[in-house]
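These notes are about the structure you will find just below.
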Amino acid sequence: MEQDIAKRILRWYRKEGRDLPWRRISDPYAIWVSEIMLQQTQVATVIPYYERFMAAFPTVTDLAHAPLGTVLKVWEGLGYYARARNLHRAAKMILERHQGTIPGEIMALTSLPGIGRSTAGAIVSIAYGKKAPILDGNVRRVLCRLFAIRKNPSLTPVQKKLWGLSEGLVPGKDPRSFNQALMDLGASICTPNDPDCPACCLKPFCLAYQKGIQKSLPIKSPGKKIPHYHVAVGVIWKGKKVLITQRPLEGLLGGLWEFPGGKLKEGETPAIAVAREIREELKITVSVGDLADIVRHAYSHFRITLHAFHCRYRDGAPRTLNPYRWVSPGELERFAFPAANRKIIAALK
DNA sequence: AATGCGGGGTT
DNA sequence: AACCCAGCATT
C-alpha cells in the first residue's frame with residue numbers, strides 16, 4: 001500500500017516534477033538556503049531571492065563572514081526577517097561546530113536556529129539522500145485528503161498523526177525525489193481550493209476523493225480579526241540628508257531601518273502624532289511640513305495606514321536607544337527597509 | 001496550546 | 001477581503 005503510493009508519486013514526479021534552481025545542484029548549503037527561504041513563502045517568490053543570495057554568499061563561509069546588514073539587505077522584501085538573522089547566526093555556528101559542513105543528521109540540524117523538524121527532514125533527505133519525513137503545508141494538505149482526516153491539522157494530536165503518516169510513506173529508495181514529489185503534487189495537483197483529482201496519480205488511494213470531500217479538506221482554523229492601526233512617520237530633512245533609525249534586532253522587522261514615527265493615539269491627527277513621536281523617541285524637535293505619502297500595508301496579523309510627512313529638523317541632538325543615521329536619498333538604497341517604508345522612498349523620487 | 005512573525009499571489 | 005504559502009521560536 002505505502003509502497004504503491006510511493007511508486008506512483010515517483011513515477012508522476014519523473015514526468016511532471018518542477019524544474020527549480022535548487023534542484024539543479026546538490027550543495028547542502030544551497031539546499032539549506034532554499035529551504036529557509038521557502039518557509040511560508042511561495043516558490044515563485046523565492047526564486048529571484050535565491051539567485052541573488054547565492055550570488056552574494058556562494059558558500060557558508062561567505063555568509064558567516066558577511067555583516068548582518070548585508071544579509072538583511074539581500075533579504076529585503078522577502079519577509080520573516082528572523083529567518084535571515086537565524087541563517088546568518090547558524091552559518092557562524094556551522095563554521096565553529098561543524099567545520100563548515102552542513103550537518104546531515106536531524107538532531108544536529110534542529111539544534112541550529114531557524115531549522116525545525118520539517119526543514120531538517122528536507123535537508124537530510126534532499127541534500128544527503130537519507131530517509132526522513134517532511135511536513136509542510138503542501139504535504140499536510142495531501143495527507144489530510146489522502147487519509148480523509150477531518151480534524152483541524154493544527155491540533156497537536158493531529159499533527160502527530162500527520163508526521164506518522166509522512167514517515168510511513170517515505171521510501172528507503174530515493175526519499176529525496178519522494179519528498180519533493182509530495183510537495184509538487186500539493187503545489188500543482190492537490191491545490192487548496194480546486195484540486196485536479198482526475199489528473200492525480202493518487203486518485204485510486206485517496207479517501208477524500210472517494211468520499212467526495214476533497215474540497216472541504218483540510219479543515220481550517222477559524223480566522224481571527226486583525227486590527228488596523230494608523231501610523232505617522234517623518235522624513236526629517238537636515239539639508240540634503242534625512243534621518244533613519246534602526247529597529248531592535250529582535251521582534252517585528254528586527255534589524256531593518258525605517259523612518260521614525262509611531263502609532264496615533266486616540267483623537268490625535270497624524271501631523272500631531274509624528275511631532276510627538278519624534279520628540280519622544282529622538283528627543284529632537286522638528287517642524288512638520290507636507291504630506292509625502294499615504295501607504296496602506298497588510299502584515300499577517302494587523303494592517304496599517306502609514307502617513308508620511310516631510311519634516312524639517314529644528315533642534316536637539318538625537319538621543320535614541322537604537323542606532324540612527326543621517327543619509328542622502330541615494331544612500332537609502334544601501335539599507336534594508338520594510339516594504340511599507342520602501343513605498344515611501346519610492347514616493348520621494 | 002497559542003501566538004508572533006512579512007510579503008505577495010490567488011480567488 | 002480572505003486565504004495560502006517547502007514553518008519556526010517563544011511563551
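Chain naming here is simple, since letters A, B, ... match the order of the sequence lines and numbering starts at 1 in each.
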If I take atom [atom1] in residue [X] and atom [atom2] in nucleotide [N], what distance separates them, rounded to the nearest angstrom?
{"X": "A:Glu250", "N": "C:dT11", "atom1": "CD", "atom2": "P", "value": "11 Å"}
{"X": "A:Arg342", "N": "B:dG6", "atom1": "CZ", "atom2": "P", "value": "17 Å"}
{"X": "A:Leu217", "N": "C:dC4", "atom1": "CG", "atom2": "P", "value": "12 Å"}
{"X": "A:Arg83", "N": "C:dC5", "atom1": "CZ", "atom2": "C1'", "value": "10 Å"}
{"X": "A:Leu20", "N": "C:dC5", "atom1": "CG", "atom2": "C1'", "value": "14 Å"}
{"X": "A:Gln159", "N": "C:dG7", "atom1": "CD", "atom2": "P", "value": "12 Å"}
{"X": "A:Gln39", "N": "B:dG6", "atom1": "CD", "atom2": "P", "value": "13 Å"}
{"X": "A:Leu78", "N": "C:dC5", "atom1": "CG", "atom2": "P", "value": "17 Å"}

Need one value for [X]: base, sugar-phosphate or nothing, where a base atom within 4.0 Å counts as base even if backbone is also close, heavy atoms only.
{"X": "A:Trp75", "value": "nothing"}
{"X": "A:Val46", "value": "nothing"}
{"X": "A:Arg18", "value": "base"}
{"X": "A:Ala339", "value": "sugar-phosphate"}

Where do [X] and [Y] come nearest, in terms of heavy atoms and distance?
{"X": "A:Gln159", "Y": "A:Pro153", "value": "CG-O, 3.1 Å"}
{"X": "A:Ser328", "Y": "A:Lys241", "value": "N-CG, 4.1 Å"}
{"X": "A:Thr191", "Y": "A:Arg141", "value": "C-NE, 3.6 Å"}

TODO: Measure up the A:Trp326 and A:Tyr313 rings against each other and bin them: parallel (under 30°), tilted (30 to 60°), perpendicular (over 60°).
DONE: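 Ring orientation, 0 to 90° scale: perpendicular.
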Please tell me which of the listed nucleotides, [options], lies nearest to the side chain of [X]?
{"X": "A:Lys220", "options": "B:dG7, C:dC4, C:dA6", "result": "C:dC4"}
{"X": "A:Thr41", "options": "B:dG6, C:dG7, C:dA6", "result": "B:dG6"}
{"X": "A:Gln42", "options": "C:dC3, C:dC5, B:dT11", "result": "C:dC5"}
{"X": "A:Arg303", "options": "C:dA2, C:dA6, C:dC8", "result": "C:dA2"}
{"X": "A:Ser118", "options": "B:dG6, B:dT11, C:dC8", "result": "C:dC8"}
{"X": "A:Leu38", "options": "B:dC5, C:dC5, C:dA6", "result": "C:dA6"}

Side-chain N or O of [X] versus OP1/OP2 of [N]: is the shortest distance under 4.0 Å?
{"X": "A:Asn138", "N": "C:dA6", "value": "yes"}
{"X": "A:His297", "N": "B:dG6", "value": "no"}
{"X": "A:Tyr80", "N": "C:dA9", "value": "no"}
{"X": "A:His301", "N": "B:dC5", "value": "yes"}
{"X": "A:Gln40", "N": "C:dC5", "value": "no"}
{"X": "A:Thr119", "N": "C:dC8", "value": "yes"}

TODO: Specify the residue among A:Leu252 and A:Thr45 whose closest nucleotide of DNA chain B lies further upstream toward the 5′ end.
DONE: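 Between the two, 5'-proximity favours A:Leu252.
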TODO: Tell me which of A:Leu253 and A:Leu155 sits closer to the 5' end of DNA chain B, going by the nucleotide each one is nearest to.
DONE: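 Final value for this comparison: A:Leu155.
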Open item on the list: I'd like to know if A:Lys130 and A:Glu105 make a salt bridge, using a cut-off of under 4.0 Å between side-chain N and carboxylate O.
Closed with: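 Salt bridge: yes.
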Using the [atom1] atom in both, what is the distance from [N] to [M], to the nearest Å?
{"N": "B:dT3", "M": "C:dA6", "atom1": "P", "result": "24 Å"}
{"N": "C:dC8", "M": "B:dG8", "atom1": "P", "result": "23 Å"}
{"N": "B:dG7", "M": "C:dT10", "atom1": "C1'", "result": "22 Å"}
{"N": "B:dC5", "M": "C:dA1", "atom1": "P", "result": "23 Å"}

Open item on the list: Ring centres under 6.0 Å, that's the criterion: do A:His297 and A:Tyr299 meet it?
Closed with: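 Yes, they do, as the ring centres are separated by less than 6.0 Å.
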Task: Pair of N/O donor and acceptor under 3.5 Å linking C:dA6 base with A:Arg140 side chain - done: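 No, no donor-acceptor pair under 3.5 Å.
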Open item on the list: Assuming nearest nucleotide by heavy-atom distance, tell me which of A:Gln180 and A:Gly114 is located more 5' along DNA chain C.
Closed with: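 Comparing both residues, the 5'-ward one is A:Gln180.
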Task: Note, A:Leu112 side chain near A:Met93 side chain (heavy atom, < 4.5 Å) - done: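 The answer is yes, as the side chains (C-beta and beyond) meet within the 4.5 Å cut-off.
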